[in-house]
Amino acid sequence: MEYLFTIWILVTLNFLLPRAMPGDPFLYMSADEGQEVARFSEEQRQYYLEYYGLDRPVAGQYLSYMSDLLRGNLGYSLYYNEPVSTIILRRLPWTTFLVIAAVLLSTVFGTILGSISAWYREKWPDKFLFFCLILLSEVPAFLLGLVLLFTFAAGLGLFPLSGAITHFANYSSWWERLFDILHHAFLPVMALTIARLGGMYLLSRNSMTTVLEKDYLRTAWAKGLPKKRIIFRHALRNAMLPIVTRVFLSLGSLVGGAILVENVFAYPGLGHLMREAVMVHDYPLVQGIFLVVTICVLLANFLADLVYKKLDPRISDYSGIHGG
Amino acid sequence: MTADQYLLEIKNLSITYHAVHPPVKAVDGVSLQLRKGESLGIIGESGCGKSTLALGIMGLIKQGIVEGEIIYKGQNLVGLPEKRLRNYRWKDMAMVFQNSLEVLNPVLSIGEQIGEPLRAHYNLSPMEIDQKVVKLLEMAGLEPEWRHYYPHQLSGGMRQRVLLAMALSCDPELLIVDEPTTSLDPASKNEVLQLLQKLQKKLGFAMILISHDLGAVKKLTSRVMTLYCGRVVESGITSEVLKNPMHCYTRGLLNSSPNFFRYKDLWGIGGEPPLGGSIEGCAFYPRCCQGEESCSQTRPPLRYVALERMVACHKGGIETFLRAEGIRKKYILKDREIEAVKGVSLEIKSGEVVALVGESGSGKSTLAHILAGVLPAGAGQVFFKNKKVEGRWATKMLGGMQIIFQDPFSATSHRMKVLEVVREPLDIIKWGSKEEREAEAIKALQKVQLPVSPEFLNRYCYALSGGQRQRLAIARALVTKPKLLIADEVTSMLDPSTQANLLRELKGLQNRHGFAMLYITHDLHLARKIADKVYVMYRGEIVEAGVSFEIFENPEHVYTKRLLREAFRDLV
Ligand SMILES: Nc1ncnc2c1ncn2[C@@H]1O[C@H](COP(=O)(O)OP(=O)(O)O)[C@@H](O)[C@H]1O
Ligand code: SF4
Ligand SMILES: [Mg+2]
């Protein structure tokens, strides 16, 4: 219920915002990058205005917008000359891939490093890790992306400069194709992962330190349990709770990071697409992207609630407040 | 008795938390022995190091240094690596931790937490473990269904049972139980104690019970140790120690324990335990009612003072201030003799409130006068601090004895002024200068909450109300800082409200300054409220004497029974 309401608000905002933006889509459409002569004649322009209902009163536009949405119709891209949903569906997997890979890697490594730090708190492994990761966490993702791009792709030539896949390549097997994809994705994923690593590390270091001092950990030691069980079943299991919350809550900002990084690496995901769409004032496309991204983030939050309830038995008893 | 006979022997154990500044020595040179199946109680205020001692035995001190020896079945556990310690944990010694929500893992089910030591220590299949968990829960008085629940879904009492079931999962030989009843309501408290008692009998484990609930200790243990500032100050047989504590601190604990005194008001021990650091002399010195300068110099060793009783005190424990032996007194009137006191013996220890009860005419006041040396005894002897009382020396000194008469200022002094009355005892012994004496007098007046305005100080005694005059008499007695105060029916002439106030104040003063008091009264209500010990006097003889809760609960002598019946008839 909550989620439906949130979605409605977002959808409405999504409708209003682009219309409040200055600029005429046809201007860009007709003079694409200053190269082509006007593609649309005045009649055509009139036709499209009518077709999109841009000449009708706002309330009417809103209603038809909503009913289209319900039918899964996100509109038609003026610039790409394709249905918005088709374009987005083509690009969405790439971004999803980037984001999920970065989330997984940064969470896993951040948690491991943070736990090591907490275990050796105030000893040299902790001090060393703390120093390195604090430094890293200060660098923004796109800057990191640029550095990686210049050194590893442009400089050393180890990785491709752009794209998600080699165009027109013939793969002899599926794993060759997979390797090509990973090869392309490596640097963007690295950029995103490293940028998030510091935050995850600090969080898990804190969380683990707190947990290690809890009475129930002393109980676990007293019971003479194996060290592995104490660390993983007793300590990590509890330390994960705030980490999981953070992972899901930070998905939004991660998508932001992904947009920048995609642009650095010319990676054909939603972020890249978004920039193009914004440049040419392609309302339906921008709206569509916004909508899909927000729904994804909401979906992730919804998922977070489910996972959290599974992880922390206390949650289902109190009314769903996220506790640290 | 050789060392091998002990299941657990602790030698000179010290535990210092060094992560805090200044470091806290939470356990300081503790030694103890425990045989198989035996139960030992450890009592003391919170913060005295009880939990630290328990965690130390379990080898769970993380941010501290452990020194000394913990010998379990002949093996010293101190300094043993974690790997070797693991073999002892839970199988040999288990612990019921101090109950809190955090002591159980919030995200694991009860069943898993009870069963996991079984998995860690024995080769059992999940099925067998589950069966054992069910058995353990039933043994602890919980439905087996609870194993699917999580800690936050349990009440405090149920959590305590879970902790117990968990501790018993591997059939330990030594069970350490830390505060099993704090934070429980009285009903669950009793249930948990009964359960512990039953299980110990059935399973035969040795037990160390840590508690500041003396009732629990009395019920469950055969020997007891009092801990103060991490040091053992008294140890002995539980029933003996609780009936007749020999260290001032143990007595203080008893006096502040509601379990023992159903009627008596509770009086906590004045002052606070010192914080951290090692104390040179006796740690209890700042709060001790009989401490002297010398106590703060060296540390009193734990020594035997009686059979099976050890006390750490330079004075061998609670001192006897007053001892009377075979006191007799005859009054010779014109035509006949009245034997007012017929061979009375009694003892008053430091810091103790002793009530002397009996109907009027039973000889109480005569006895009081003899004790104070105001009246010569016909036969028998009185000793104040082991020195024979002859004449009035004991009342004519600082830190001596003072008596407050039943009818103060009846004859002479009502023509004196307030300040003069209070100052007089100091004048008599020629203490200090006149200014100093007046300053002391004013202090004493403040103690009994009388005004100290010049107008009041210069008032004549006859111009005072009954209550004020009684307070004045107390101030006059207190001005010499007596160690023993004999108060003869000091409140009997007052109305009930003034009486109650004055009595509370007197007891408060006693508690704060730690003097001993012989409180003479025919009013059993009052005696029951404040007395530690009671002497019942009937026709010149002591017919019954003992610890006040025992006498008031189970009087033995017919006269005492009658007195009690009459006194408390209106209460039933
Ligand atoms: N982990 C710790 N670090 C530093 N000081 C501690 C720690 N645990 C307990 N203390 C201190 O040690 C003393 C004894 O505490 P504790 O053993 O818990 O007493 P009790 O169980 O008798 O209440 C107290 O002064 C307490 O503040
Ligand atoms: S009399 Fe002295 S040594 Fe004994 S308890 Fe009191 S202060 Fe400590
Ligand atoms: Mg404690």
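Letters A, B, ... mirror the listed sequences (proteins, then strands); counts begin at 1. Just so you know, these numbers use all the heavy atoms, side chains as well, and skip hydrogens, waters and symmetry mates.
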> Quick one: does A:Pro226's side chain get under 4.5 Å of B:Arg86's, heavy atoms only?
Replying inline: yes
> Considering the options B:Met95, B:Arg89, B:Gln113, which one meets the side chain to side chain contact (heavy atoms under 4.5 Å, CB included) requirement together with A:Lys223?
Replying inline: B:Gln113
> Between B:Ala120 and A:Leu225, what is the shortest heavy-atom contact and its length?
Replying inline: CB-CD2, 3.9 Å
>> Heavy-atom count check: over 12 atoms from other residues, nucleotides or ligands less than 6.0 Å from A:Arg237 CZ?
In response: yes
> Is it the backbone or the side chain of B:Ser100 that comes under 4.5 Å from a heavy atom of chain A, or both, or neither?
Replying inline: side chain
> Minimum heavy-atom separation for A:Ala222 to B:Trp90, with atom names?
Replying inline: O-CE3, 3.2 Å
>> If you compare all heavy atoms of A:Leu212 against all heavy atoms of B:Lys62, which two are closest, and at what distance to 0.1 Å?
In response: O-NZ, 3.3 Å
>> Counting only non-hydrogen atoms closer than 4.5 Å, does A:Leu217 touch chain B with its backbone (N, CA, C, O), its side chain (CB onward), both, or neither?
In response: neither
> Just wondering, do A:Lys214 and B:Asn105 contact through their side chains at under 4.5 Å, heavy atoms?
Replying inline: no
> Taking all atoms of both residues into account, what is the closest heavy-atom pair of A:Pro313 and B:His152, and its distance?
Replying inline: O-CE1, 3.4 Å
> Between A:Arg229 and chain B, which part of the residue has a heavy atom less than 4.5 Å away: side chain, backbone, both or neither?
Replying inline: side chain
> Is it the side chain or the backbone of B:Leu55 that comes within 4.5 Å of chain A heavy atoms, both, or neither?
Replying inline: side chain
>> Any side-chain to backbone donor/acceptor pair from A:Thr219 onto B:Val103? Under 3.5 Å, distance only.
In response: yes
> Quick one: of B:Met58, B:Met93, B:Lys91, B:Glu112, who has the most non-hydrogen atom pairs under 4.5 Å with chain A?
Replying inline: B:Glu112
> How about A:Phe109: does its CZ atom have over 12 heavy atoms from other parts shown lying under 6.0 Å from it?
Replying inline: no
> Does the pair B:Glu82/A:Lys227 count as a salt bridge with the N-to-O cut at 4.0 Å?
Replying inline: no
> More than 12 heavy atoms of other residues, nucleotides or ligands under 6.0 Å from OH of A:Tyr120: is that the case?
Replying inline: no
> B:Lys83 versus chain A, heavy atoms under 4.5 Å apart: side chain, backbone, both or neither?
Replying inline: neither
> Which atoms form the tightest heavy-atom contact between B:Leu60 and A:Trp221, and what is the distance?
Replying inline: CD2-CB, 3.9 Å
> What do you reckon, is CD of B:Glu143 surrounded by more than 12 foreign heavy atoms closer than 6.0 Å?
Replying inline: no
